[in-house]
There are 2 protein chains.
Amino acid sequence: MEDEVDRLVAAWRRERPDLDVEPLEVLSRVSRLARHLDRARRIAFSEHQLEPWEFDVLTSLRRAGDPYQLSPGQLLTQTLVTSGTMTNRIDRLAKKSLVERLPDPSDRRGVLVRLTAEGRDRADQALAGLLAQERAILSELSRTQRGELAGLLRQLTAPFDNIPG
Amino acid sequence: MEDEVDRLVAAWRRERPDLDVEPLEVLSRVSRLARHLDRARRIAFSEHQLEPWEFDVLTSLRRAGDPYQLSPGQLLTQTLVTSGTMTNRIDRLAKKSLVERLPDPSDRRGVLVRLTAEGRDRADQALAGLLAQERAILSELSRTQRGELAGLLRQLTAPFDNIPG
DNA sequence: GTCAAGTGTCTTGACATCAAGATAGTGCGG
DNA sequence: CCGCACTATCTTGATGTCAAGACACTTGAC
């Protein structure tokens with residue numbers, strides 16, 4: 001089955017036959033698929049009255065395990081947003097009583113963000129919904145293909161995640 | 001090499017051993033990689049005084065071929081943004097003389113957006129820069145692997161691109 | 001022809017994000 | 001124990017995006 005990137009690549013080959021546009025076959029698909037996923041996630045989370053950005057923060061804390069707390073800095077590396085954005089997100093989640101801010105006992109510059117009981121429940125519920133939806137999207141592929149795809153993507157993400165980049 | 005998603009998945013398996021989080025191995029990598037790519041693109045385009053969103057619109061028109069014009073509606077399906085966003089983008093690009101708006105001769109509700117000569121040059125320059133950067137990112141993979149990856153991703157994007165979704 | 005439903009674009013208002021810089025606290029070298 | 005570079009978080013101001021709806025025009029049924 002053809003997709004929009006096939007059409008895009010064909011158009012470039014016609015308009016710019018001098019260029020090798022092979023990289024777009026992979027990376028344009030990654031960008032476009034991520035955009036489709038964002039939309040699908042937004043719809044899936046609306047059943048739980050959660051925005052995607054709220055889910056990202058709450059589940060980062062949920063994964064940290066008891067007592068479900070991380071510093072804003074740790075949340076930055078997990079969610080790939082800037083520090084100003086994270087301050088704003090924590091403010092809004094705190095106003096909704098899904099997280100609370102505590103002073104870091106070992107560094108007076110620092111803060112710890114802790115999940116409330118309600119925040120934890122909401123994160124757990126939304127995660128189950130997300131996994132169901134993602135499973136549907138991935139049903140196009142066999143288990144073996146999913147494993148191959150994950151491995152190939154890991155090779156591309158690893159440099160970003162390990163070098164300070 | 002391990003990446004952030006490996007750590008994320010391991011954390012879920014510890015915290016929620018009752019759930020099958022295998023879908024995250026693929027789709028969380030797609031989302032995170034797209035975010036890294038956005039950042040890299042922003043930096044690459046800044047050499048040409050272009051924002052990523054400007055590049056997306058200009059190259060859609062560039063690919064259309066002479067006379068380099070499309071309707072706002074056609075641009076929506078290529079760039080995956082809402083109509084309000086596209087109106088705003090066209091306004092700003094027109095103010096910078098990179099595109100111009102023409103009435104559609106065959107439908108009086110409609111408009112055609114046409115690339116100016118300067119817009120075309122800027123798009124061509126930025127494309128070359130983008131391809132160079134993408135090639136560097138993809139150098140982690142062999143040509144064969146890139147082909148496999150593109151094929152697997154196509155299976156996931158095709159349903160989104162072909163069903164009206 | 002005419003009316004209703006559909007389509008294409010734009011407007012509005014709320015809001016999330018970013019880059020850059022401010023502020024406060026840490027901790028090492030001497 | 002002092003000074004200075006570094007780190008962690010927050011503030012600010014500009015901007016891009018979205019959802020929802022308004023408006024003008026088109027199209028098909030009758």
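Each chain gets a letter, A, B and so on, in the order its sequence line appears, and its residues count up from 1. These values consider heavy atoms only, across backbone and side chains, with no hydrogens, waters or symmetry-generated copies.
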At how many degrees, to 10°, do the end axes of the helix from dG1(C)-dC30(D) to dG30(C)-dC1(D) meet when each uses five pairs? 30°

Taking [Y]'s backbone N and O only, do any of them form a donor-acceptor pair with [X]'s side chain (distance below 3.5 Å, no angle check)?
{"X": "Q133(B)", "Y": "L130(B)", "answer": "no"}
{"X": "S31(B)", "Y": "S28(B)", "answer": "no"}
{"X": "T85(B)", "Y": "V81(B)", "answer": "no"}
{"X": "R39(A)", "Y": "R35(A)", "answer": "no"}

Polar atoms only, N or O, under 3.5 Å: list the protein pairs with nucleotides 23-26 of chain D and their distances.
| from | atom 1 | to | atom 2 | distance (Å) |
| --- | --- | --- | --- | --- |
| dT26(D) | OP1 | R108(B) | N | 3.2 |

Chain A contact limits on DNA chain C, taken 5' to 3' with a cut-off of 4.0 angstrom to heavy atoms: dA16(C) to dT26(C)

[X] and [Y] ion-paired at < 4.0 Å:
{"X": "D124(B)", "Y": "R16(A)", "value": "yes"}
{"X": "R114(B)", "Y": "E100(B)", "value": "yes"}
{"X": "R32(B)", "Y": "D161(A)", "value": "yes"}
{"X": "D6(B)", "Y": "R29(B)", "value": "yes"}
{"X": "E22(B)", "Y": "R146(A)", "value": "yes"}
{"X": "R109(B)", "Y": "D104(B)", "value": "no"}
{"X": "R41(B)", "Y": "D56(B)", "value": "yes"}
{"X": "E54(B)", "Y": "K96(B)", "value": "yes"}

For DNA chain C, which residues in [range] have a heavy atom at a distance below 4.0 Å?
{"range": "residues 81-94 of chain A", "result": "V81(A), T82(A), T85(A), N88(A), R89(A), R92(A)"}
{"range": "residues 49-64 of chain B", "result": "none"}
{"range": "residues 67-76 of chain B", "result": "S71(B), P72(B), G73(B)"}

Less than 6.0 angstrom from the centroid, inside 45 degrees of the normal: does R62(B) satisfy that with respect to the ring of W12(A)? no

Could you give the distance from OG (S71(A)) to CG (L102(A)), rounded to the nearest 0.5 Å? 12.5 Å

For the residue pair A34(A) and V30(B), what are the closest heavy atoms and their distance? N-CG1, 4.0 Å

Are there over 12 heavy-atom neighbours, none belonging to R108(B), within less than 6.0 Å of that residue's CZ? no

Within a 6.0 Å radius of atom CZ on R14(B), are there more than 12 heavy atoms belonging to other residues, nucleotides or ligands? yes

If you find the nucleotide of DNA chain D closest to V111(A) and the one closest to R42(A), which residue's nucleotide is nearer the 5' end? V111(A)

What integer distance in Å separates I43(A):CD1 from dA19(D):C1'? 12 Å

Could you give the CZ-to-P distance, from R35(A) to dG16(D), as a whole number of Å? 15 Å

Do the non-hydrogen side-chain atoms of R89(B) and T79(B) ever get within less than 4.5 Å of each other? yes

